[in-house]
Amino acid sequence: MLATRTAYGPNLLARLLAADTHQQVDECAKAAWVLNGEGLIADEEMEYLAPVIEHRRMSISTMMRTVRAKGCPRHCRPAIPLQKRAACWLRRRGLAKDCVIPTCLAQAFTVSKLAVLSVIARAVMDHGQSTMSLPEIAGRAGVGCSTARYAIRDAAKMGLISVFENRVNGFWNRPNTIKIVCGRWLRWLKARAGYGAARKTAGRATAGCQITPLRNPIPTIEILRFNPQATILQVPRGGASAPSWRGSIELRSGEVLLE
């Protein structure tokens, strides 16, 4: 009877060590507890098998995660090239430093969020509102969609912008309509637009001038080219015997003489 009773423990242990799935481990654990209840497996053997069952479950879970990571590259985030990453950083820094947002409001946002709000401000200056989709805003700002979403959410919480959903049905909707409702920001944009128009007008007035130091360069010094191999003489028309010289150069045995 004792030999029959102790033969189940090694058999279950071998099955547990050979199990490759959670289902096989669960079947072994169920059989062990049933045999323990029937008295075919001693309590000492069950105390030894219980930690082995839990350890085998953890080992199979780790093995399955490793296989998924190796066999399914689509779940891994692709690496961003260094040139593209540098270009995105330059784009977002340039947009953040373009002074489209007042300083008192810009100090509450990061560089990436300022780039997103700068893209929205440019759209509002051109069309009165922004109807761009979230991926388009993120692409123009050089950030990810999550960063663009967080920037819009924070600006809406601060009362700077208003976001209206253009829902078509229960499954999909058109891009949201974003408008600037902050009076200080709107006055800042109007002043910036007036400054830009003044600069354009000044540029056109300057372009209309006929004489400019860069477009029509006029030499103020007369440049005379002397021929070192011949003498340049200018005889007066009045028939004077002494010729008046403008300038002459003679080359004699390596010496330059001025007559």
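Within 6.0 Å of CG on Leu17 lie more than 12 heavy atoms contributed by other residues, nucleotides or ligands. In the displayed structure, Arg184 atom CZ is contacted under 6.0 Å by at most 12 heavy atoms of other residues, nucleotides or ligands. Counted within 6.0 Å of CZ on Arg174, heavy atoms from surrounding residues, nucleotides or ligands total 12 or fewer; the atom is thus considered open.
Residue pairs meeting the salt bridge (charged side-chain N to carboxylate O under 4.0 Å, His left out) criterion with at least one partner in residues 94-112, sequence neighbours excluded, are Asp98-Arg122, Asp98-Arg192. Contacts classified as side chain to side chain donor-acceptor pair (under 3.5 Å) and involving residues 12-22 (residues at least two apart or in different chains) are given here: His22-Ser61. Screening residues 138-151 for salt bridge (charged side-chain N to carboxylate O under 4.0 Å, His left out) gives Glu136-Arg140 as the qualifying pairs, with residues at least two apart or on separate chains.
Here the side chains of Leu114 and Ile101 are in contact, with some heavy-atom distance below 4.5 Å. The shortest distance between side-chain heavy atoms of Arg56 and Ile60 falls below 4.5 Å. Taking the side chain as every heavy atom from C-beta outward, Gln129 and Ile180 never approach each other to under 4.5 Å. At least one side-chain heavy atom of Leu35 sits less than 4.5 Å from a side-chain heavy atom of Leu12. Leu13 is listed as a side-chain neighbour of Tyr48, based on a closest heavy-atom distance under 4.5 Å. Using a 4.5 Å cut-off on side-chain heavy atoms (C-beta onward), Leu105 and Cys182 make contact. Leu134 is listed as a side-chain neighbour of Ile152, based on a closest heavy-atom distance under 4.5 Å.
The NZ atom of Lys113 sits 13.0 Å away from atom CZ of Arg92, with the distance rounded to the nearest 0.5 Å. Rounding to the nearest 0.5 angstrom, the gap separating the NZ atom in Lys179 from the OG atom in Ser130 is 11.5 Å. Rounding to the nearest 0.5 angstrom, the gap separating the CD1 atom in Ile178 from the CD1 atom in Ile120 is 4.0 Å. Interatomic distance, Ile161 CD1 to Thr177 OG1, rounded to the nearest 0.5 Å: 12.0 Å. Taken to the nearest 0.5 Å, the CD1 atom of Ile137 stands 12.0 Å off from the OG atom of Ser118. To the nearest 0.5 Å, atom NZ of residue Lys157 and atom CG of residue Leu160 are 13.0 Å apart.
Asn166 and Pro175 get closest at one heavy-atom pair: ND2-O, 2.7 Å. Counting all heavy atoms, side chain and backbone alike, Ala108 lies closest to Met158 at CB-CE, 4.1 Å. The two residues Val119 and Met132 come nearest to each other via the heavy atoms CG1-CE, 3.6 Å. Considering all non-hydrogen atoms of both residues, Gly142 and Cys88 come closest at O-CB, 3.6 Å. Nearest approach of Ile41 to Asn36, heavy atoms of both residues: O-OD1, 3.0 Å.
A distance-only check finds a donor-acceptor pair linking the side chain of Trp185 to the backbone of Val100 [under 3.5 Å]. Between the side chain of Thr147 and the backbone N or O of Val143 there is no donor-acceptor pair closer than 3.5 Å.
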- [ ] Under the side chain to side chain contact (heavy atoms under 4.5 Å, CB included) rule, what do Asn176 and Phe164 come out as? Steps first, then yes or no, please.
- [x] CA-CA 6 Å; Asn176 297 334; Phe164 300 95; over 6 Å; no

- [ ] Quick one: do Leu16 and Val25 satisfy side chain to side chain contact (heavy atoms under 4.5 Å, CB included)? Show the steps, please.
- [x] CA-CA 6 Å; Leu16 280 172; Val25 175; 4.3 Å; yes

Open item on the list: Let's go through Leu95 and Arg93 carefully: what are the C-alpha distance in whole Å and the side-chain angles of both, what is the deciding distance for side chain to side chain contact (heavy atoms under 4.5 Å, CB included) to 0.1 Å, and is it a yes or a no?
Closed with: CA-CA 5 Å; Leu95 291 172; Arg93 287 172 182 172; over 6 Å; no

Task: Intermediate values then yes/no, side chain to side chain contact (heavy atoms under 4.5 Å, CB included), Lys84 and Trp89 - done: CA-CA 9 Å; Lys84 186 176 181 181; Trp89 269 109; over 6 Å; no

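Summarising the hydrophobic clusters (Ile, Leu, Val, Met, Phe, Trp, Tyr; side-chain heavy atoms under 4.5 Å, direct or chained), the residues clustered with Met46 are Trp33. Val168 belongs to a hydrophobic cluster with Phe171, Trp172, counting contacts under 4.5 Å between side-chain heavy atoms of Ile, Leu, Val, Met, Phe, Trp and Tyr, direct or through other members.
Checked against salt bridge (Lys or Arg N to Asp or Glu O under 4.0 Å), Arg57 has the following partners two or more places apart in sequence or in another chain: Asp26, Glu54.
Tracing side-chain contacts under 4.5 Å through hydrophobic residues (I, L, V, M, F, W, Y), one reaches Leu186 starting from Leu117; they form part of the same cluster.
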